[in-house]
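Just so it is clear: chains get the letters A, B, ... in the order the sequence lines come, proteins before strands, and each one is counted from 1.
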Amino acid sequence: MDRLIFHIDVNSAFLSWESVRRIDQGLPDLRDIPACIGGDPKKRTGIVVAKSIPAKKYGIQTGEPMAMALRKCPELVIVQSDFDLYVKCSRAFKEICASYTPIMESFSIDEVFLDMTGMSLLYPDPIAAAHEIKDRIHRELGFTVNVGVSTNKLLAKMASDFEKPDKVHTLFPDEIETKMWPLPIRNLLFLGKASEKKLNEIGIHTIGDLARAKETDIQALLGSKNGHQLHQYALGNDDSSVKEQADEAKGFSAETTFNEDIISLEQVFPILLEQCDIVATRMRRQQKKCLSVAVTFRTLDFKKKSHQATFQNATDVTDEIYKQAKKLFREFWKGEPLRLIGVALTNLSDDEYEQLSLFENTENKERHRKLDAALDTIRQKYGNDKITRASIMNSNSGIARKARAQMQNELETKRGRQAKKGTDDNGNI
DNA sequence: TTACATTTGTGAT
DNA sequence: CTAACGATCACAAATGTAA
């Protein structure tokens, strides 16, 4: 039996969400003027993350450097992104979507798939149902969405990408030839720049060209797995299910680009500590431990390098992760100027049971574990993030003072005697 | 040879 | 004239290494 799948995509999500807030504050609607969400408007760095339709008319594209966008349109309004706002908007959006079917998949912060198969008693006309969802989101939340309607996820997603904004489109199997095959291959999901170039070289330019090509030829070019999948996609085939349960995280990473090039280890270590702290905290919140730690750096020519090492036993202790990251950095960085550094934790496992190692300093480990726990408690109390080891140590803001006092408290009550430890050479307590 | 780890490349939002 | 430039996640393939 045929399925019925919707894909719902918020139009220019970050920009729309900023607009809704600004309207509440009596500010002009960013959607009506050339505007974009992107890097720091004062520094004039960063890239375009979302753009208004007027901005698009100037040829501004998502992902392009802000400097280029400003050249195309000097009066472009640039707004910094505010992820906390987006998370709230996303929740409200998904809550409405979820009220139409129990089977919803969150595909990203601003996209969902709905499996509407078997909802025909409640919603006998799929197109009418799609309009109802779209209009209700607009009415209640103030921003527009596109809805794609078809019999599988791929076709629904392709359909929602047709004309924007505020539209419902169908792409049923009998419409593939007219609506999808004339499109350039780049429009196909998971077909990016590199595969486009290779396919163009053998004369494949449209999705129809790809559909009619021999699968073995495509596999020879793009690899057996990807080649097979992209060929199937071009034919409109996709039997993957709408997954209600988000997959568990398989890794955590943090990376930062700097205005100033990094040229000394003294610059590297505080950043690395901050990043290790952030990713380890996120990992503990998901009750995971990692077996592998990787450091990443990007040189001035934009080439990325990464190096990883694996522990004997999985850990979630910030200090152990930081020590490993420092070691990797010292070992592999030859001193070339860097514009980005990052840390990634992979090879995750559940944290529930403890792997004991004979040679570990268990008392020391217990100290670090308690410190992590104390910090995590504080972060919880003050609304998560922002509070890191470095910030608590260095800042003199009211919140940092409170956090420091709190931390002392937590530590003392937990171990029943006072800690008179100062700050060691790593910036740890 | 196989198994596993590591590194690089591609693609998504 | 060109190149310019974010963060985070997943996965496949290529490459390296040990049993």
Hey, which of these two, A/Ala309 or A/Ser108, hits DNA chain B nearer its 5' end, going by closest nucleotide?
->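 Its nearest nucleotide being more 5', the pick is A/Ala309.
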Which atom of A/Ile218 lies closest to which atom of A/Gly227, heavy atoms considered |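 Answer, listing the atom of A/Ile218 first, then A/Gly227: CG2-O, 3.7 Å.
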Donor + acceptor pair across side chains of A/Tyr58, A/Glu75 (<3.5 Å) |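 Yes.
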So do the side chains of A/Glu196 and A/Leu191 get within less than 4.5 Å of each other, counting heavy atoms only?
->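 With C-beta onward as the side chain, the pair touches.
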When you measure from the side chain of A/Ala194, which nucleotide among B/dG11, B/dT13, C/dA4 comes out closest?
->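 Closest nucleotide to the A/Ala194 side chain: B/dG11.
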Describe the nucleic acid contact of [X] in one word from base, sugar-phosphate, nothing, applying a heavy-atom distance below 4.0 Å.
X        : result
A/Arg71  : base
A/Ala13  : nothing
A/Ser306 : base
A/Asp110 : sugar-phosphate
A/Glu111 : sugar-phosphate

Could you tell me whether A/Arg212 sits above the aromatic face of A/Trp181, with NZ or CZ closer than 6.0 angstrom to the six-membered ring centre and within 45 degrees of the axis?
->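 Satisfied, under 6.0 Å and within 45°.
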How long is the gap from NZ on A/Lys243 to CD1 on A/Ile103, to the nearest 0.5 Å?
->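 One gets 13.5 Å once the value is rounded to the nearest 0.5 Å.
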Using a cut-off of less than 4.0 Å, is there contact between a side-chain N or O of A/Ser292 and OP1 or OP2 of B/dA5?
->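 Answer is no, no contact under 4.0 Å.
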Given DNA chain C, 5'-ward residue of the pair A/Leu340 and A/Ala249, judged by closest heavy atom =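 Between the two, 5'-proximity favours A/Leu340.
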So which one's nearest nucleotide on DNA chain C is more toward 5', A/Glu64 or A/Ser253?
->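 Residue closer to the 5' terminus by nearest nucleotide: A/Glu64.
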May I ask you to list the residues of residues 146-170 of chain A, by number, that have any heavy atom positioned under 4.0 Å from an atom of DNA chain C?
->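 Output list: empty, so none.
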Let me know the distance between NZ of A/Lys250 and C1' of C/dC11, rounded to the nearest Å.
->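 Atom NZ in A/Lys250 sits about 9 Å away from atom C1' in C/dC11.
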Step by step, would you call A/Glu18 with A/Asp82 a side chain to side chain contact (heavy atoms under 4.5 Å, CB included)?
-> CA-CA 8 Å; A/Glu18 292 284 352; A/Asp82 174 355; 3.8 Å; yes
